[in-house]
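In what follows, a single structure is set out as structure tokens and then discussed.
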Amino acid sequence: MPDIKIQPRQDPSAVDRILRSLPEWFGVEEAILGYTASASRQESFLAVVNDMTVGVALLTRHFKESAELTLIAVDAKYRGRGVGKTLLEAMESALIIDGCQLLQVHTVGPSFEDAAYSQTRAFYRKFGFLPVQEFERIDWDGPTLVMVKLLIQKSAR
Ligand SMILES: CC(C)(COP(=O)(O)OP(=O)(O)OC[C@H]1O[C@@H](n2cnc3c(N)ncnc32)[C@H](O)[C@@H]1OP(=O)(O)O)[C@@H](O)C(=O)NCCC(=O)NCCS
């Protein structure tokens with residue numbers, strides 16, 4: 001398990017590098033450039049291991065009570081080692097402190113068969129996101145699944 005530090009700051013060039021390490025999810029150049037641009041505009045949390053940015057989560061706060069995880073990605077070499085979980089938990093803690101209660105995420109819907117995005121949906125399910133509705137052509141040319149999670153303050157022991 002690497003020593004993962006979460007930092008609330010932006011690093012668009014690292015985001016570009018991370019997305020290019022994940023061609024099964026981010027294979028379209030236009031999409032990569034769009035996310036990289038967002039990485040310098042949106043609220044950003046970075047996961048840093050040995051001074052290298054290995055994961056990113058971008059956030060948009062739509063209302064005081066609700067926010068959207070607009071991107072989460074972990075460098076291919078660091079997947080499955082707790083980086084995504086640590087990023088998500090840090091972001092959720094920051095939102096809860098600010099009184100935010102709902103977190104939504106958009107991803108590719110299950111009616112479009114794709115092994116990569118099926119893994120993504122499993123990750124979101126594991127962390128308490130529930131499927132709300134599948135929409136056609138809202139983010140891309142196929143189905144988008146909207147998922148939402150109730151943010152609950154963890155009780156102190
Ligand atoms: C999804 C992603 C952010 C998760 O980050 P990660 O660092 O790989 O995940 P973690 O190691 O923190 O896993 C945390 C938990 O989720 C589970 N999990 C991770 N990937 C999973 C998968 N593919 N299927 C099922 N469960 C999964 C792990 O089992 C782990 O559970 P544990 O804590 O009980 O062991 C990362 O794998 C990624 O970048 N994927 C490709 C890009 C992507 O899907 N982005 C979202 C696009 S909408």
Side-chain angles (χ1 to χ4, degrees), residues 1-8 10-39 41-60 62 66-95 102-149 151-152 154:
M1 178 75 92
D3 179 21
I4 306 157
K5 295 190 172 64
I6 302 298
Q7 301 176 351
Q10 298 172 331
D11 188 349
S13 63
V15 172
D16 186 83
R17 170 178 47 76
I18 290 167
L19 299 185
R20 288 180 196 281
S21 79
L22 298 163
E24 291 148 281
W25 286 268
F26 306 101
V28 177
E29 183 65 18
E30 202 182 355
I32 295 176
L33 297 178
Y35 282 122
T36 305
S38 299
R41 281 199 308 262
Q42 295 183 3
E43 191 171 342
S44 163
F45 293 78
L46 304 178
V48 177
V49 172
N50 295 332
D51 294 328
M52 186 168 96
T53 301
V54 299
V56 61
L58 300 180
L59 183 65
T60 298
H62 293 296
S66 72
E68 178 177 352
L69 173 63
T70 55
L71 173 71
I72 185 163
V74 172
D75 187 304
K77 290 192 291 293
Y78 287 83
R79 289 184 66 216
R81 295 163 72 181
V83 174
K85 175 184 177 172
T86 310
L87 261 176
L88 195 56
E89 287 178 351
M91 200 186 69
E92 288 179 4
S93 300
L95 287 169
L102 280 180
L103 182 59
Q104 66 162 313
V105 68
H106 291 192
T107 190
V108 171
S111 66
F112 181 83
E113 262 185 54
D114 182 275
Y117 278 98
S118 150
Q119 290 178 34
T120 303
R121 291 189 299 272
F123 172 78
Y124 292 139
R125 284 304 290 250
K126 170 149 194 160
F127 288 98
F129 286 88
L130 298 174
V132 178
Q133 192 174 352
E134 203 180 65
F135 296 91
E136 279 300 323
R137 285 181 287 279
I138 57 167
D139 297 325
W140 68 296
D141 222 13
T144 288
L145 179 67
V146 176
M147 303 183 84
V148 70
K149 171 174 186 172
L151 298 177
I152 298 169
K154 291 208 180 83

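Whatever order the structure lists ligands and atoms in, that order sets their numbers, starting from 1.
- Sorted by first then second residue, the salt bridge (Lys or Arg N to Asp or Glu O under 4.0 Å) pairs that include residues 12-35, not counting sequence neighbours, are Asp16-Arg20, Arg17-Asp75, Arg20-Glu29.
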For ligand 1, find each of its N or O atoms that sits under 3.5 Å from a protein N or O atom, and tabulate the pairs with distances to one decimal place.
from	atom 1	to	atom 2	distance (Å)
ligand 1	7 (O)	Val83	N	3.4
ligand 1	7 (O)	Gly84	N	2.8
ligand 1	8 (O)	Gly80	N	2.8
ligand 1	11 (O)	Arg81	N	3.1
ligand 1	11 (O)	Gly82	N	2.7
ligand 1	12 (O)	Gly84	N	3.3
ligand 1	12 (O)	Lys85	N	2.8
ligand 1	31 (O)	Lys126	NZ	2.9
ligand 1	34 (O)	Lys126	NZ	2.6
ligand 1	37 (O)	Arg79	NE	2.7
ligand 1	37 (O)	Arg79	NH2	3.4
ligand 1	39 (O)	Val74	N	2.8
ligand 1	40 (N)	Arg79	NE	3.4
ligand 1	44 (O)	Trp25	NE1	3.1
ligand 1	44 (O)	Thr120	OG1	2.6
ligand 1	45 (N)	Ile72	O	2.8

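- With sequence neighbours excluded, the residues forming a ring-ring contact (aromatic ring centres under 6.0 Å, His included) with Tyr35 are Phe26, listed by chain and number.
- Looking at Asp139, Thr144, Thr70 one by one, the single match for side-chain hydrogen bond (donor to acceptor under 3.5 Å, both in side chains) with His106 turns out to be Asp139.
- Nearest heavy atom pair, residue Leu69 against residue Ile72, reads CD2-CG2, 4.0 Å.
- Partners of Glu68 according to the salt bridge (charged side-chain N to carboxylate O under 4.0 Å, His left out) rule, which considers only residues two or more places apart in sequence or in another chain, do not exist here.
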Please assess Tyr117 against Leu145 for the test side-chain contact (heavy atoms from CB on, under 4.5 Å), listing each intermediate value before the final yes or no.
CA-CA 11 Å; Tyr117 278 98; Leu145 179 67; over 6 Å; no

